[in-house]
2 protein chains.
Amino acid sequence: MLDERKTAILRAVVQEYITTAAPVGSTHIANAPGVKVSSATVRNEMAVLEQEGYLAQPHTSAGRIPTDRGYRFFVDHLAAPGPLDSQASQQVGAFFDSAHGRLEELLHQTTNLLAQVTHHASVVVGPRSETAVVRSVQLVGLGGRSATVVAVLSNGTVENEQVELPVEMSEVRLSAVSAHLQAHLPGSTLDAPRDLPATGDRDFDAVCAAAVRSLAKSAADEPVYVGGAASMAHAFDAVDTVRAVLNTLEQQFVLVSLVRDVLNRGLSVAIGAEHGVAQLVACSVIVKPVYVDGEQVGTVGVLGPTRMDYPQALATVEVVSERLGRRLSDGGSN
Amino acid sequence: MLDERKTAILRAVVQEYITTAAPVGSTHIANAPGVKVSSATVRNEMAVLEQEGYLAQPHTSAGRIPTDRGYRFFVDHLAAPGPLDSQASQQVGAFFDSAHGRLEELLHQTTNLLAQVTHHASVVVGPRSETAVVRSVQLVGLGGRSATVVAVLSNGTVENEQVELPVEMSEVRLSAVSAHLQAHLPGSTLDAPRDLPATGDRDFDAVCAAAVRSLAKSAADEPVYVGGAASMAHAFDAVDTVRAVLNTLEQQFVLVSLVRDVLNRGLSVAIGAEHGVAQLVACSVIVKPVYVDGEQVGTVGVLGPTRMDYPQALATVEVVSERLGRRLSDGGSN
DNA sequence: CTTGGCACTCCAGGCTACCGAGTGCTAGCC
DNA sequence: GGCTAGCACTCGGTAGCCTGGAGTGCCAAG
């Protein structure tokens, strides 16, 4: 653990570096508020902080830069989430006051909101529908052996999937299947759909089963929304880094597991290498689950360079997650 | 109109520049196949081509670069779409052979396919559902005054929208409304929904109307999918350009009107300033409508630097649009 | 333990010189 | 008359050199 003076110095380095993006030297720190010693002393302390892995030097005779570990200490001990600055909070407020429409649309918009407010890329993972209760099901033929199965879930989302029917079926019989599904499926969840009573008609039962299987599959994956990817073009000057990050942002699968992984480890911030996605070592991720009635329905987060304004970003994510949860539990009747 | 020799020189310049990205000088051109004159003659001809606006010089004593006009001539007269190279065509084939699932999913994947094959960003605009015929409708209450209305359309898409009910309604009555909708709406289109027979019950009719209105609204916008945005990081070395382009790619509205606009003008290629989106002056767009049974259901396109391999990109877009149309008219039954 | 002082390091930026690629022009050739 | 070889000239990019400044580490004194 760091003594008070080292702490103050580390804080000053991080804050300075976050705003200037240039290695910071002992003289700047000595002048910083909260540090009452000379630059020589600061130098000594910084040497120690470097040895202990909190700071790094790009080259001899350059200033210091925080390491991942330095940022970690900063967010754990020094970055009181602090109140959101008033402009940002107003922006968030205005957004949620005027938001409306479908869940998917809302999540997508949220992504833009986060990107605008934080100036970083943002990620929103929608609810996995597996555990939501089915309210209504419908199977509609599309000619030939294809059909669409649609389910409305208790959380307001709609799952739909195209089904390849095992056998061709007349409109009329499909309607019967639809009715059968509608009669028996509602009330159960898609990850463990209630067993449908067999009718004795093999084709009929097979179609039912196919429909249910499709729905379950479709409900298993979580929708991901990404916003503000363009901000990454600012964030780094190395083109390679930009490219790697943008590429990764397009791989929804990676994003979902990244977010899930971070949450599983009980973190709300993953800094640099901590999150384990090699292409994103230059980035930090801040995530926060969204709760509705005590149940997690999704996650919001931002992704920016490790050198990001953590207090501000933490506060934004916090507020957005909270407001989004509130918005969703109103059932949209806001 | 250009004489044969100028044509050959212009072609050579464009081709060379497309592959090297560096201004090309008279000596290179003189050695190019199809040009049988000395570099001095080439220089004279290039001076003329520059005067006429087909070529430009970054600075005195540098090689020449094609202008937008030069590219335009190239694609209009010199770029036989040519056959897709075999690896690409195999990739496309494999994709469509194994593609399955919902329309939205398919379009989204198509976006990735195009990006991979062309190494450029790609845009796919989905069908506007306004003119599709309703197959089935359903209204499901979500508690309070909110409900979800879902419609399955003849083209296999599913439209769903959240509705704010004008009055609160019991489950049972909502079911009645749902049944009413299902009884009368199918068969008409969402842009001109059939008038529902009035029941005399004002609340009932109001809820019906609200549901239909929501659906119509939701059907009016065209889904847009973008892929391969990361490739833009390669395409330009000016960070500002990358940023501007990425930003624009996130504005779906701009994309849709860009695509529509280009098609309306009867073009399939818009080069640089031609498309009128200021932020994309450094880009060219290649678009192609997708037809199913003679009707346009969407558009596929790629967006890359003006300096792109037009023959290859044209061929790819052509093939993908054609295969996608074919795929969709099978009704998904491959 | 702190601090002022000092010698040392190293990067960034400005300057010059130079090389090479490319041009435009002109005189001669077919 | 058109083509081409030759030549003088232009100009951007790179390499080398230098210098100024910011920063460090260390030491000796308070």
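The sequence lines fix the lettering, A, B, ..., with proteins before strands; numbering per chain opens at 1.
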With a non-hydrogen cut-off below 4.0 angstrom, is B/A62 in contact with a base, only sugar-phosphate, or nothing? sugar-phosphate
Heavy-atom closest pair, residues B/R243 and A/A230: CG-O, 4.0 Å
Okay, side chain of A/T299, backbone of A/K288: is any donor-acceptor separation there less than 3.5 Å? no
Minimum side-chain heavy-atom gap A/L280-A/H275 below 4.5 Å: yes
For A/I65 and D/dA22, what is the distance between atoms CD1 and C1' respectively, to the nearest whole Å? 15 Å
Report the distance from atom CG of A/N44 to atom C1' of C/dT3, rounded to the nearest whole Å. 10 Å
Check whether the side chains of B/S284 and B/Y310 place a donor and an acceptor atom closer than 3.5 Å, and report yes or no. yes
For B/E4 and D/dG2, give me the distance from atom CD to atom C1', rounded to whole Å. 17 Å
Rounded to the nearest angstrom, tell me the gap between atom CD in A/Q57 and atom C1' in C/dT9. 10 Å
Could you walk me through whether B/T316 and B/V302 satisfy the side-chain contact (heavy atoms from CB on, under 4.5 Å) test, starting with their C-alpha distance in whole Å, then the side-chain angles of each, then the deciding distance to 0.1 Å, before giving a yes or no? CA-CA 9 Å; B/T316 309; B/V302 312; 5.9 Å; no
Between A/R64 and D/dA22, does any side-chain N or O lie under 4.0 Å from OP1 or OP2? no
So, is A/R43 near the phosphate of C/dT2, with a side-chain N or O under 4.0 Å from OP1 or OP2? no
Just the rounded figure in Å: distance from P of D/dA22 to CD1 of A/I29. 16 Å
Which listed nucleotide (D/dT4, C/dG4, C/dG22) is nearest to the side chain of B/V37? D/dT4
Tell me which of A/S26 and B/R5 sits closer to the 5' end of DNA chain D, going by the nucleotide each one is nearest to. B/R5
Hey, is the side chain of A/S61 poking within less than 4.0 Å of OP1 or OP2 on C/dT9, counting only N and O atoms? no
Using a 4.0 Å heavy-atom cut-off, does B/T60 contact any base of the nucleic acid, only the sugar-phosphate backbone, or nothing at all? sugar-phosphate
Among D/dT4, C/dC10, C/dG4, the one nearest any side-chain atom of A/S38 is C/dG4
Rounded distance in Å - CG (A/N31) to P (D/dG23): 11 Å
Under 4.0 Å from OP1 or OP2 of D/dT4: is there any side-chain N or O of B/T41 that close? yes
Please give, in whole Å, the distance from C/dA21 P to B/H28 NE2? 8 Å
Grab the NE2-C1' distance between A/H59 and C/dT9 for me, whole Å please. 9 Å
